[in-house]
Amino acid sequence: MADVFDDAIKRLYTLGQQADIPDNVLAHLSRPVAVLCSSLHVRMDDGSSQYFQAYRCQYSYLLGPCKGGIRFHPNVSQAEVQALGLWMTIKCAVIGLPLGGGKGGVVVDPKQLSKLELERLSRAYMRANVDVIGPDRDIPAPDVYTNARIMGWMCDEYEIITRKKQPAVITGKPIELGGSLGREEATGRGAFLCTEFLREKMSATASGLTVAVQGFGNAGYHVARLLGEAGYKVVAISDSKGAIYAPEGLDVESVWQQKQATTKLQAVYCQGSVCEIVEHKNISHEELLALDVDILIPAALENSITMVNAADIRARWIVEVANGPISSEADQLLHKKGIVIVPDVLANAGGVTVSYFEWVQNKAGYPWTLEEVRQRLKDRMQQAFNEIWDYHKASAGKESGVESEVSLRSAAYAKALHGIKNVIDVRGTKAYFSREES
Ligand code: NAD
């Protein structure tokens with residue numbers, strides 16, 4: 001299979017050409033502006049040295065300073081941060097944020113590090129990237145296996161080096177260091193809102209809908225919690241170590257509390273209150289994805305659904321909380337099967353939207369209330385969802401000669417790419433510069 005960046009570029013061209021985006025725009029977006037590769041030296045607790053490969057990708061600052069999370073994971077690669085940087089570029093344009101796209105990562109299994117080693121690694125990342133990061137240049141945030149505390153260490157390191165208080169350099173920080181209320185839940189809340197908007201369009205009732213969630217970290221937990229609170233029936237949840245299934249529905253909060261206490265999801269099978277509340281069984285990762293549910297929520301990593309398992313998917317709707325959980329080929333197959341997919345560049349955009357709010361609050365030095373943050377998030381998500389939905393409906397019958405609407409992903413890319421094209425156009429294109437003066 002093509003690497004994740006090649007696949008992301010293939011999708012960019014397919015969807016861009018479908019939306020009549022000129023080649024100069026697609027060419028501009030098919031490479032990052034810069035990628036800084038570094039080797040982080042970390043002193044381990046036993047006195048030894050270890051070196052960790054790290055990346056910061058500044059994909060595009062056409063629309064504003066680069067914005068994107070930092071991932072700590074053994075599978076991080078340059079191709080992955082570039083793909084994630086491209087998707088951040090599209091996502092910011094989908095929501096209409098004055099931000100470009102970026103992403104960072106470190107090749108590490110953070111679960112093998114002590115707390116002190118993790119702190120040293122986080123600070124080393126900021127030291128290595130300090131010359132390219134900044135409140136008006138490139139603003140990181142949390143991603144897989146990084147969190148508010150890690151953002152706090154990185155922010156602190158940046159401020160020590162620059163000798164200035166600069167909370168706007170990083171988002172997803174602890175509230176005490178200038179973080180925004182509502183940022184922690186924002187990705188999950190944005191995905192929850194998208195699910196609700198879709199449900200309303202489909203005239204369905206929440207209480208009749210079953211949900212399976214793959215990945216039970218920050219984003220997966222909050223979307224599962226909010227759906228459960230709204231009456232949806234969350235029947236399956238997985239994390240990297242395993243999956244659980246209960247047709248009568250899981251108590252999301254209990255599963256979360258058990259996971260916190262025991263650090264792995266499978267531990268809920270035989271201890272704690274969940275076992276007493278519902279009957280449930282262990283299933284495999286593959287079985288969770290293939291469950292006959294109304295809504296499947298991939299909230300883990302890229303390429304969970306590829307041509308290997310796309311034919312097994314039985315969900316009616318998929319809400320992509322993870323970035324890039326469906327390969328471009330599998331995406332087309334699922335669309336042809338009639339599965340409605342709310343794409344990552346919309347469904348998980350709640351995180352970057354509240355990160356943007358955090359940045360605005362830091363720059364203004366004026367924090368907002370939780371209600372303000374939630375209301376503004378809802379307004380932004382509703383507007384983007386409606387625009388994308390309307391485009392999708394208005395395009396009925398135009399896609400590949402097949403009698404169907406374009407997918408919500410095609411519609412989201414069309415919206416984003418037209419916005420980016422307008423910015424490229426006003427800077428001057430070949431058509432402008434080669435025009436004869438009259
Ligand atoms: P996280 O580190 O908090 O959680 C990741 C979860 O995925 C963990 O529970 C882990 O056990 C699970 N996981 C890993 N491999 C798995 C597998 N093979 N099967 C099932 N579960 C597996 O990370 P997160 O911040 O929740 O991010 C999850 C996804 O959401 C990523 O794709 C990330 O890029 C995307 N995302 C996150 C944010 C954010 O604000 N955190 C914003 C936008 C998008």
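Counting starts at 1 for both ligands and their atoms, following the listed order.
Checked against a 3.5 angstrom limit, the closest N/O atoms of Lys91 and ligand 1 fall outside it. The shortest N/O to N/O separation between Asn348 and ligand 1 does not fall below 3.5 Å. Annotation: Lys103 places no N or O atom under 3.5 Å from an N or O atom of ligand 1; distance criterion only. Where the criterion is an N or O separation shorter than 3.5 Å, residue side chain and backbone included, Lys111 fails it with respect to ligand 1.
Annotation for ligand 1: atoms under 4.0 Å from non-hydrogen atoms of Ala219 are 26 (O).
Using a 3.5 Å distance cut-off with no hydrogens or angles, the side chains of Gln361 and Tyr356 do not pair a donor with an acceptor.
With Lys67 contributing its side chain and Gly101 its backbone, the two residues share no donor-acceptor pair below 3.5 Å. Arg137 contributes a side-chain N or O that, together with a main-chain N or O of Asp131, makes up a donor-acceptor pair within less than 3.5 Å.
For the side chain to side chain donor-acceptor pair (under 3.5 Å) test with Tyr221, the passing option among Lys259, Glu253, Gln260 is Glu253; the others fail.
Here the heavy atom of the protein found nearest to atom 38 (C) of ligand 1 is Thr187 OG1, 3.5 Å. The protein non-hydrogen atom at the shortest distance from atom 32 (O) of ligand 1 is Ala300 O, 2.9 Å. Atom 5 (C) of ligand 1 has Gly217 CA, 4.2 Å as its closest protein atom, hydrogens excluded (heavy atom only). Scanning the protein for heavy atoms near atom 16 (C) of ligand 1, the closest one is Ser240 CA, 3.7 Å.
Every heavy atom of Lys241 sits 4.0 Å or more from the atoms of ligand 1. The shortest heavy-atom distance from Arg71 to ligand 1 is under 4.0 Å.
With a 4.0 Å cut-off on non-hydrogen atoms, Pro325 does not touch ligand 1 at all.
Protein heavy atoms are absent from the 4.0 Å sphere centred on atom 18 (N) of ligand 1.
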Show me, pair by pair, the donor-acceptor contacts under 3.5 angstrom made by side chains of residues 27-34, not counting sequence neighbours?
| from | atom 1 | to | atom 2 | distance (Å) |
| --- | --- | --- | --- | --- |
| Ser30 | OG | Leu26 | O | 3.3 |
| Ser30 | OG | Ala27 | O | 2.9 |
| Arg31 | NE | Ala27 | O | 3.1 |
| Arg31 | NH2 | Ala27 | O | 3.2 |

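A ring-ring contact (aromatic ring centres under 6.0 Å, His included) check over residues 80-131, counting only residues at least two apart or in different chains, returns nothing.
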